[in-house]
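Encoded as structure tokens, the structure appears first; notes follow it.
FYI, side chains are in, hydrogens and waters are out, and symmetry mates aren't considered; it's all heavy atoms of this structure. Within every chain, numbering begins at 1; the chains are lettered A, B, ... in the order of the sequence lines, protein sequences first and strands thereafter.
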2 protein chains.
Amino acid sequence: MSDAKKTLARGGAPHRHPTLTDVARLAGVSRSVAGRVLNGGTGNTRFSDQAADAVREAAARLQYRPNHAARQLRGKRSRTFGVLVASVGDPLLTFLVQHIDAAAVSIGCRTLLANTIGNPDVGPDQFDYHVDDFARRGVDGVVCAVHDWCEGDRRALLQRHPNTVFYEDPGMEGAACVVPDRAEAVRLAVRHAASRGRRRIGLAVMALSRPTGQERLAGYRAEADARGLPWDERLIFDGEPHGLGYARHNSQTRQWEFPVELMDRVIDALVRDAGADAVVAHNDFWAAALMRRMRRRGIRVPDDVAVVGYLNHYLADWTDPPLTSIDPMQTVAGQKLVEILEQGASGDAPAADGVTFRVAPRLIERQSA
Amino acid sequence: MSDAKKTLARGGAPHRHPTLTDVARLAGVSRSVAGRVLNGGTGNTRFSDQAADAVREAAARLQYRPNHAARQLRGKRSRTFGVLVASVGDPLLTFLVQHIDAAAVSIGCRTLLANTIGNPDVGPDQFDYHVDDFARRGVDGVVCAVHDWCEGDRRALLQRHPNTVFYEDPGMEGAACVVPDRAEAVRLAVRHAASRGRRRIGLAVMALSRPTGQERLAGYRAEADARGLPWDERLIFDGEPHGLGYARHNSQTRQWEFPVELMDRVIDALVRDAGADAVVAHNDFWAAALMRRMRRRGIRVPDDVAVVGYLNHYLADWTDPPLTSIDPMQTVAGQKLVEILEQGASGDAPAADGVTFRVAPRLIERQSA
DNA sequence: CTGAAAGCGCTTACAG
DNA sequence: CTGAAAGCGCTTACAG
């Protein structure tokens, strides 16, 4: 076997990375000193300026980078957070994932993204698989942002990885979570529509039976009451009886399926039957589909009916008209999630125990309302 | 300091993970045997059934999982691939990133996603930062899918990580890459429009001066010739002189900015002046904006003008009308990228040297053309 | 078939 | 201020 082949077989790297020993030798000091200089310990950081200079120069010359695995083995943190999501490209969570990563990087950590669905090759129990793999890799903490209608043993996760935070309330004792304030989101939407003179404001919710559905309804009632809007049950649309109660993920196309035609039921109920002049949609996808079907039926947006979305997904810029939408501020949520995890990991404070952090939403005005 | 606090400070984990030593002790064998049973070496896998059973039972009982860092330190692969993208949530690449990860997971590896822009907290040279960090963590290979108009020293990357593959041709000697076949993409679009009876097919390109722009043009000409369509220079729109020559990323909003109004220049040039009855748009975002502006100008899609997008982004399902679009098959590209990396990492074959793999696109018909 | 032993690269008391 | 040494958890020749 040739030398070249040997090194290749050793892991694909054609040249050995320089180690602390190499640096120490070049600098003419012991590994101990080199290590202290380069990684500034907790106080026993004693060495001469002379030694320090020599070491740093050697390190620079060799392009030395500390081996992460060795540090971790020695008891250091992995500086890695696991992030569980239904699918990496989940349109509902792109900004969250993105910002969790940004927040992690800004404190010198990394993110290990894990799809729990959407990978038929690996089989159905990918939630457990990833939880397991996270343990092997010794992540410092885990964000679980898997939708509640997707499978996965959250309890086992929390047991294996005590430093776990959920995005959305998993409804478990002792589980810390960060949640978007949906009641406030709907309040903002209703307030906006009302301030534009709308009086008959409809609310379209995917599933009223879920806690999040109830929250939305509560926000609606609160704001309607505050504004003195008349209460009319017909202005509340529940998607569940219409087969809109949950999202279906097609693992073939890797997309969430969405029966656009069913949006006509929303229009029938809210606009035609209840005479709504505004609709607060379940999310931007509902809103986009609603606007399309409305146009087909000769209903003008926003002239006849104002539409407010939820998510402020980048889709919102591309609908016609561009969509006024409530931003759940996933960027703030991402930051908070990492902050909690970091506290748990650094030991400054125990991982937040069963605390729920609510993230305040914000309305982004475009042209649909 | 209490015991609980001590363990917390040790890294956030309240209980030590069981090690091979624990398993061996419980099974009543040596670590060597336990190791051989649990990790089946390359042939010296000799042990009695009795020993194997005992070890496996012990491992199961203790929920033993091999420590990744230790294995890696001992010379095993990290089973991790670094993925460089401009931004994790980059709408142009969501499916690619997603499928790279899926492909990696299906061979027991993981993906380390790295944003090169979009994280102002870390500073401007994040490309280098991540390249460095990848070295520390000993990734088995790197996918670089950073847009060519974004900064980053590709040459240094390739030197530090010889097992690197690019998505899109970086134009460097010896760099392997996977590229979507843009000429074929435009051919498919033109063919589709022509087969629907369109004769004056316009082509809107972001920047004709770029190689990819030239490829698109070549595809256009090839198909137009094959169909006997008359050549008319006015049917080619180059965005560059109109300030559409590159995408701008707003790190505040973490979105790509897009001057929707400028799409009117496209309509002016292609539809009004050149009388196009079909437009092959630069991508789905252009297409979505075009359709919106056309509607405003009383131009019906597809009745008056057919529109074909490029990307088959999930946006395509939500435009009005839903967008017929060319899918660059990023899922196939993702698989190919990982395949190449895996070959390089496993040493079966040297990392593909300077080879370019072209991925065949596919047309997805919806209603705009 | 089995186990004692070396060593991956680092960190960190510990003794000089 | 400095260096020899132990040890993190694993893998793997090597000698029994």
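When the C1' atom of D:dC8 is taken as reference, atom CG of A:Asn67 falls 13 Å away, rounded to whole Å. The interatomic distance linking B:Gln50 (CD) with C:dG3 (C1') rounds to 16 Å, in whole Å. Counting to the nearest Å, the P atom of C:dC8 and the NE2 atom of A:His17 are 16 Å from each other. The distance from atom CG of A:Leu62 to atom P of C:dC10 is 12 Å, rounded to the nearest whole Å. Taking atom CD of B:Gln72 as the reference point, atom P of C:dC8 lies 15 Å away to the nearest angstrom. Distance A:Arg36 CZ to C:dA13 P: 11 Å, rounded to the nearest Å. Atom pair B:Leu38:CG and D:dT12:C1' shows a separation of 15 Å (rounding to whole Å applied). Atom pair B:Phe47:CZ and D:dA13:P shows a separation of 16 Å (rounding to whole Å applied).
Counting only heavy atoms from C-beta on, A:Thr19 has its side chain closest to C:dC10 among D:dT2, C:dC10, D:dT12. Listed nucleotides D:dC8, D:dT2, C:dC8 differ in distance to A:Leu73; the shortest reach to its side chain belongs to D:dC8. The listed nucleotides are C:dG3, D:dC10, D:dG3; the one nearest the side chain of B:Pro66 is D:dC10. The side chain of B:Arg71 lies closest to D:dC10 when the candidates are C:dG3, C:dC10, D:dC10. Of the candidate nucleotides D:dC10, D:dA5, D:dC8, D:dA5 has the atom lying nearest to any side-chain atom of A:Ser32. With distances taken from any side-chain atom of B:Ala51 to the nucleotides C:dT2, C:dC10, D:dC10, the minimum falls on C:dT2. Across C:dG9, C:dC10, D:dA5, the shortest atom-to-atom separation from the side chain of A:Arg31 is found for C:dC10. Nearest nucleotide to the B:Ser48 side chain, out of D:dT12, C:dC10, C:dC1: C:dC1.
Using a 4.5 Å cut-off on side-chain heavy atoms (C-beta onward), B:Pro170 and B:Cys177 make contact.
DNA chain D is contacted by both A:Ala52 and B:Arg65; A:Ala52 maps to the nucleotide lying nearer its 5′ end (nearest heavy atom per residue).
Listed here is the closest heavy atom pair of A:Tyr64 and A:Leu20: CE1-N, 3.4 Å. The minimum heavy-atom distance between B:Phe134 and B:Ala114, with the atom names listed, is CZ-CB, 3.8 Å.
Donor-acceptor pairing under 3.5 Å is recorded for the side chains of B:Asp101 and A:Asn115. When only modelled atom types and interatomic distance are considered, A:His130 and B:Arg110 share a side-chain donor-acceptor pair under 3.5 Å.
Using a 4.0 Å cut-off between a side-chain N of Lys or Arg and a carboxylate O of Asp or Glu, A:Glu342 and A:Arg77 qualify as a salt bridge. Under a 4.0 Å N-O distance rule, the pair A:Asp132/A:Arg160 qualifies as a salt bridge. Contact check on B:Asp140 versus B:Arg79 returns no salt bridge, with no Lys/Arg side-chain nitrogen under 4.0 Å from an Asp/Glu carboxylate oxygen.
Between A:Lys76 and D:dC8 there is no side-chain polar atom (N or O) within less than 4.0 angstrom of OP1 or OP2.
Taking atom C1' on both nucleotides, C:dG16 is separated from C:dT12 by 16 Å, rounded to a whole Å.
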For DNA chain D, the dot-bracket notation using Watson-Crick and G-U wobble pairs below 3.5 Å, [ ] for pseudoknot-type crossings and | for other-strand pairs, is |||.||||||||.|||

